[in-house]
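Below you'll find the structure, written out as structure tokens, and then a few comments.
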Amino acid sequence: MSLRVGVIGGGQLARMMIAPAVEMGIDLRVLAETEGMAARLAATAVGDYRDEAAVLAFAREVDVITFDHEHVPQPVLRALVDAGVSVHPGPDALQYAQDKLAMRARLAELGAPQPDWAAVRDEAELQAFLDDHGGRAVVKTPRGGYDGKGVRVISNADEAADWLADTAGEPILVEELVSFARELAQQVARRPSGQMVTYPVVETVQRDGVCSEVFAPAPRASERLMEVAARLSTQIAEGLGVTGMLAVELFETDDERILVNELAMRPHNSGHWTQDGAVTSQFEQHLRAVLDLPLGDPSPVAEAAVMVNILGGPQGAQMTDRIAVAIADHPTARIHTYGKEPRPGRKVGHVNAVGELDEAAYIARAAAAHFLT
Ligand code: ADP
């Protein structure tokens, strides 16, 4: 009988696990939130990931549970573990991807480099942090933020008054405003039995808090930078007990120091380039890792890979037309679509191109431009 992996959440990350699962003979099953989601092809159940009974019923039919997102509540995760389900990453690790304050505190214990930060409960505490950090800072809601939602740059404590009022006494996170030279991401895969492999560090470009482009490996990265980023990611994966894929989002400063921004414990947008640019894609690697199978080779297959997100995109039928034009115009571009209804700013697909850096960037951007509305 084939190995059965259950994925909670039916978004594009679950969708992109389907192809490698088929190739490796893995029986992939998805618990989707609603009908018609991105991973509908593998959706064997529809249910609420916050509903303990629904999640447990789904989990009983598989060998291992993993995730498309990090929002499954801790009590539900604990109930799975208590019922003897193999959960990867497990709740002890996942809490640090679910709560940015818990992550900052744990990374501090591990001695990982990160921006100055504090947990603040009221405007007085927040203003004190601002005064100590040149009058500007970044406030973040500890939970539930994504794609820049839940992140705000402020210069006065009253700009976060609504969040402070909403938290029912729970603190919010404030960080120094890092004047970074660029943003990087480092991916590592880790098996429950301990084996780890690291991908080359990549450069990520965000527009309006949303990832728009990724360059792999990060251009002009020194050997030292690549080693430091890889070592940091393996220390974090080990220290936090992460299983599966871990993405460590980083800031690089002008003097080539790196600081941890945040963690994602699943395949991540910064690793989509691996589908066409690495021997083993992050989606295959995640499946191998959560099943405790030997990990695949993370080496790049070309000098460079460039990923450009398709954000927004045209409506329904037009999408199919644009795909036809894009693949005709750019036969070497690899176009990945998520089967989602386009909405302004929504990630509905991405394009990968591999080869020499400038040429790959040109091809990926030109192919993605066909989807601009
Ligand atoms: P999300 O969980 O929404 O992805 P992040 O914490 O990754 O939120 O922040 C989104 C973006 O905001 C980052 O990619 C970065 O561009 C910017 N940002 C976040 N924290 C800081 C910081 N301390 N200093 C400067 N910019 C920041």
Side-chain angles (χ1 to χ4, degrees), residues 9 11-13 67-72 94-108 112-120 126 129-155 157 159-160 163 166-167 171-187 201-215 218 229 232-233 236 245-255 257-272 307-309 311 345-347 350:
Q12 67 261 27
L13 302 177
F67 309 94
D68 166 82
H69 59 71
E70 287 135 349
H71 308 313
V72 180
L94 214 45
Q95 62 177 318
Y96 302 112
Q98 294 180 320
D99 185 324
K100 289 179 182 176
L101 270 173
M103 174 198 74
R104 287 281 174 240
R106 186 72 185 106
L107 288 181
Q114 50 179 349
D116 273 349
W117 64 281
V120 292
L126 182 53
F129 186 93
L130 277 164
D131 295 343
D132 285 350
H133 293 85
R136 294 183 79 202
V138 182
V139 281
K140 299 184 178 182
T141 53
R143 296 174 158 274
Y146 66 98
D147 285 351
K149 296 175 184 64
V151 174
R152 217 180 259 172
V153 178
I154 60 160
S155 46
E159 292 168 63
W163 286 356
D166 272 358
T167 58
I172 63 170
L173 172 63
V174 57
E175 297 177 1
E176 87 180 86
L177 178 65
V178 178
S179 99
F180 50 81
R182 60 177 172 171
E183 293 186 75
L184 304 173
Q186 171 69 55
Q187 287 199 299
V201 71
V202 302
E203 176 175 348
T204 67
V205 178
Q206 270 63 233
R207 289 201 190 102
D208 300 325
V210 182
C211 176
S212 60
E213 298 184 329
V214 172
F215 302 91
L232 178 60
S233 72
I236 293 173
M245 288 298 307
L246 167 70
V248 184
E249 295 181 24
L250 299 162
F251 299 126
E252 183 185 353
T253 62
D254 285 328
D255 51 355
R257 280 184 314 120
I258 53 174
L259 303 169
V260 178
N261 175 28
E262 70 163 345
L263 308 177
M265 294 179 194
R266 48 173 169 74
H268 187 249
N269 202 166
S270 63
H272 288 356
M307 191 273 341
V308 177
N309 271 339
L311 298 170
R346 190 180 201 196
K347 290 177 184 168
H350 64 272

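Computed from a prediction, not measured in an experiment: that's the story for all the values here. All heavy atoms count here, side chains included; hydrogens, waters and symmetry mates do not. Counting starts at 1 for both ligands and their atoms, following the listed order. In this chain, numbering begins with 1 at the start of the sequence shown.
In terms of heavy-atom proximity, E183 sits nearest to F251 at OE1-CE2, 3.5 Å. I172 and K140 get closest at one heavy-atom pair: CB-O, 3.8 Å. Minimum heavy-atom separation, A102 to Y96: O-CD2, 3.6 Å. Between C211 and N269, the shortest heavy-atom contact is CB-OD1, 3.7 Å. Scanning all heavy atoms of the two residues, the minimum distance from P115 to V260 falls at CD-O, 3.3 Å. Nearest heavy atom pair, residue S233 against residue V248, reads CB-CG2, 4.0 Å.
Among all non-hydrogen protein atoms, the one lying nearest atom 21 (C) of ligand 1 is F251 CZ, 3.4 Å. Looking only at protein heavy atoms, the nearest one to atom 1 (P) of ligand 1 is E262 OE2, 3.3 Å. Nearest protein neighbour of atom 16 (O) of ligand 1, counting heavy atoms only, is E183 OE2, 2.7 Å. Given atom 11 (C) of ligand 1, the protein heavy atom at minimum distance is G209 CA, 4.7 Å. In terms of protein heavy-atom proximity, atom 3 (O) of ligand 1 is nearest to G148 N, 2.6 Å. For atom 24 (N) of ligand 1, the closest heavy atom belonging to the protein is V178 N, 2.9 Å. Here the protein heavy atom with the shortest distance to atom 19 (C) of ligand 1 is K140 NZ, 3.4 Å.
Residue contact annotation: F180 has a non-hydrogen atom under 4.0 Å from ligand 1.
Put simply, the side chain of K100 does not reach to within 4.5 Å of the side chain of W117, judged on heavy atoms.
The backbone N or O of V72 sits less than 3.5 Å from a side-chain atom of Q98, completing a donor-acceptor pair. Within the 3.5 Å criterion, the main-chain N or O of V205 finds a donor-acceptor partner in the side chain of S212.
Counting the atoms of ligand 1 from 1 in the order shown, those under 4.0 Å from a heavy atom of E175 are 20 (N), 22 (C), 23 (N). Remark: ligand 1 atoms within the under-4.0 Å shell around heavy atoms of E176 are 22 (C), 23 (N), 24 (N). Residue contact check: E249 has heavy atoms under 4.0 Å from atoms 7 (O) of ligand 1.
Contacts with ligand 1 closer than 4.0 Å are made by side-chain heavy atoms of N261 only, the backbone lying farther away. Using a 4.0 Å cut-off between heavy atoms, V151 contacts ligand 1 through its side chain alone, with no backbone atom that close.
For ligand 1, none of its N or O atoms has an N or O atom of V138 under 3.5 Å away.
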